[in-house]
Amino acid sequence: SASFDYIYGQKGMLESQFDYQRASIRVEHQQKLNRWGYFSYLVEGGKIWGTVPYTFLGIPFGNQSLLTDRASFNMMNYLEFASDQYLTIHLEHHFEGLFFNRIPGIRVLKLREFLLAKAFAGRLSDENNGKYWTFPERLHAIEEPYVEVGFGIENILKLGRIDFTWRLNY
């Protein structure tokens with residue numbers, strides 16, 4: 001599936017205080033790979049034109065809880081990075097038991113294995129980099145792509161999954 005969002009804000013219109021435009025496109029797909037399982041990806045890119053406070057910027061979703069959120073970065077803190085043009089990529093490959101089904105004692109548990117990789121890249125222009133607004137203490141511009149990778153086991157007791165995820169930089 002694909003979606004496109006466009007937001008236009010004009011100073012003074014409906015009590016708006018900022019002149020800006022924001023456009024983003026998101027593509028999500030899942031591809032069956034026969035006996036190799038299936039591969040899913042989510043790619044989103046966006047750009048913001050104009051000078052806006054940090055709450056209007058592209059801030060990736062961090063997750064500091066113990067529960068996994070597929071749409072967020074599980075090793076990233078809340079409000080860690082900001083950008084006014086960005087690209088987000090989430091990749092997962094589910095092997096659907098390709099390896100675990102070959103282990104006799106494990107086969108009866110019907111466990112499924114998967115790999116994941118997530119990345120966020122962007123840049124923050126000088127006009128939005130804290131020049132006019134004060135950022136919260138931990139929020140800063142992203143300088144190099146943020147990447148996290150991992151693997152996991154799903155279908156545990158037919159309802160749960162365990163992820164093992166590593167943050168590769170920052």
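- Proximity of Glu143 to Tyr170: side-chain heavy atoms (C-beta onward) are separated by under 4.5 Å at one or more points.
- Checked by atom type, the side-chain pair Asp69/Asn63 shows no donor-acceptor distance below 3.5 Å.
- Tyr20 pairs with exactly one of Asn128, Asp84, Ile7 by the side chain to side chain contact (heavy atoms under 4.5 Å, CB included) rule, that one being Ile7.
- For the residue pair Met75 and Glu148, the shortest heavy atom distance occurs at N-OE1, 3.1 Å.
- Taking both residues in full, the closest heavy atoms of Ser83 and Ile142 are given as CB-CG2, 4.2 Å, listed atom of the first, atom of the second, then distance.
- Evaluated for a ring pair (Phe, Tyr, Trp, His ring centres under 6.0 Å) with His140, the options Phe81, Phe135, Tyr146 yield exactly one hit, Phe81.
- Between Glu28 and Arg70, no side-chain nitrogen of the basic residue sits less than 4.0 Å from a carboxylate oxygen of the acidic one, so the salt-bridge criterion is not met.
- Side-chain atoms of Glu92 and His90 form no donor-acceptor pair, as typed in the model, at a separation below 3.5 Å.
- Nearest heavy atoms, Ala141 versus Asn129: CB-OD1, 4.1 Å.
- If you run side chain to side chain contact (heavy atoms under 4.5 Å, CB included) between Phe151 and each of Asp163, Leu115, Leu116, only Leu115 comes through.
- Here Phe61 pairs with Ser72 under the side-chain contact (heavy atoms from CB on, under 4.5 Å) rule; sequence neighbours left out.
- In the hydrophobic clustering (ILVMFWY side chains linked at under 4.5 Å, chained through shared members), Tyr38 stands by itself.
- Between the side chains of Gln21 and Tyr6, at least one donor N or O sits under 3.5 Å from an acceptor N or O.
- Scored by the ring-ring contact (aromatic ring centres under 6.0 Å, His included) test, Tyr78 finds no partners at all (sequence neighbours excluded).
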Verdict with reasoning, Phe56 to Ile48, per side-chain contact (heavy atoms from CB on, under 4.5 Å)
CA-CA 9 Å; Phe56 287 48; Ile48 299 158; 5.8 Å; no

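- Counting only distance, with no hydrogens or angles, the side chain of Arg161 and the backbone of Glu154 share no donor-acceptor pair below 3.5 Å.
- Leu111 pairs by the side-chain contact (heavy atoms from CB on, under 4.5 Å) definition with Phe100, Ile106, Leu109, Ile153, Ile156, not counting sequence neighbours.
- For the pair Arg22 and Tyr8, the cation-pi test (distance below 6.0 Å, angle within 45°) is failed.
- Under the 3.5 Å distance criterion, the side-chain polar atoms of Gln85 are left unmatched by any main-chain donor or acceptor of Arg123.
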Pairs under 3.5 angstrom only: tabulate donor-acceptor contacts from the side chains of residues 11-19 to other protein residues two or more places apart or in another chain.
{"unit_1": "Ser16", "atom_1": "OG", "unit_2": "Phe18", "atom_2": "N", "d": "3.4"}
{"unit_1": "Ser16", "atom_1": "OG", "unit_2": "Phe18", "atom_2": "O", "d": "3.2"}
{"unit_1": "Asp19", "atom_1": "OD1", "unit_2": "Lys11", "atom_2": "N", "d": "2.7"}

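- Heavy-atom minimum distance, Gly152 versus Phe164: CA-CD1, 4.4 Å.
- Shown here for Asn169 and Val147, the closest heavy-atom pair between the two residues is OD1-N, 3.2 Å.
- Every pair passing salt bridge (Lys or Arg N to Asp or Glu O under 4.0 Å) that includes a residue from residues 43-66 is listed here, sequence neighbours excluded: Arg26-Glu44.
- What you find for Val149 and Ala117 is that their closest heavy atoms are CG1-CB, 4.1 Å.
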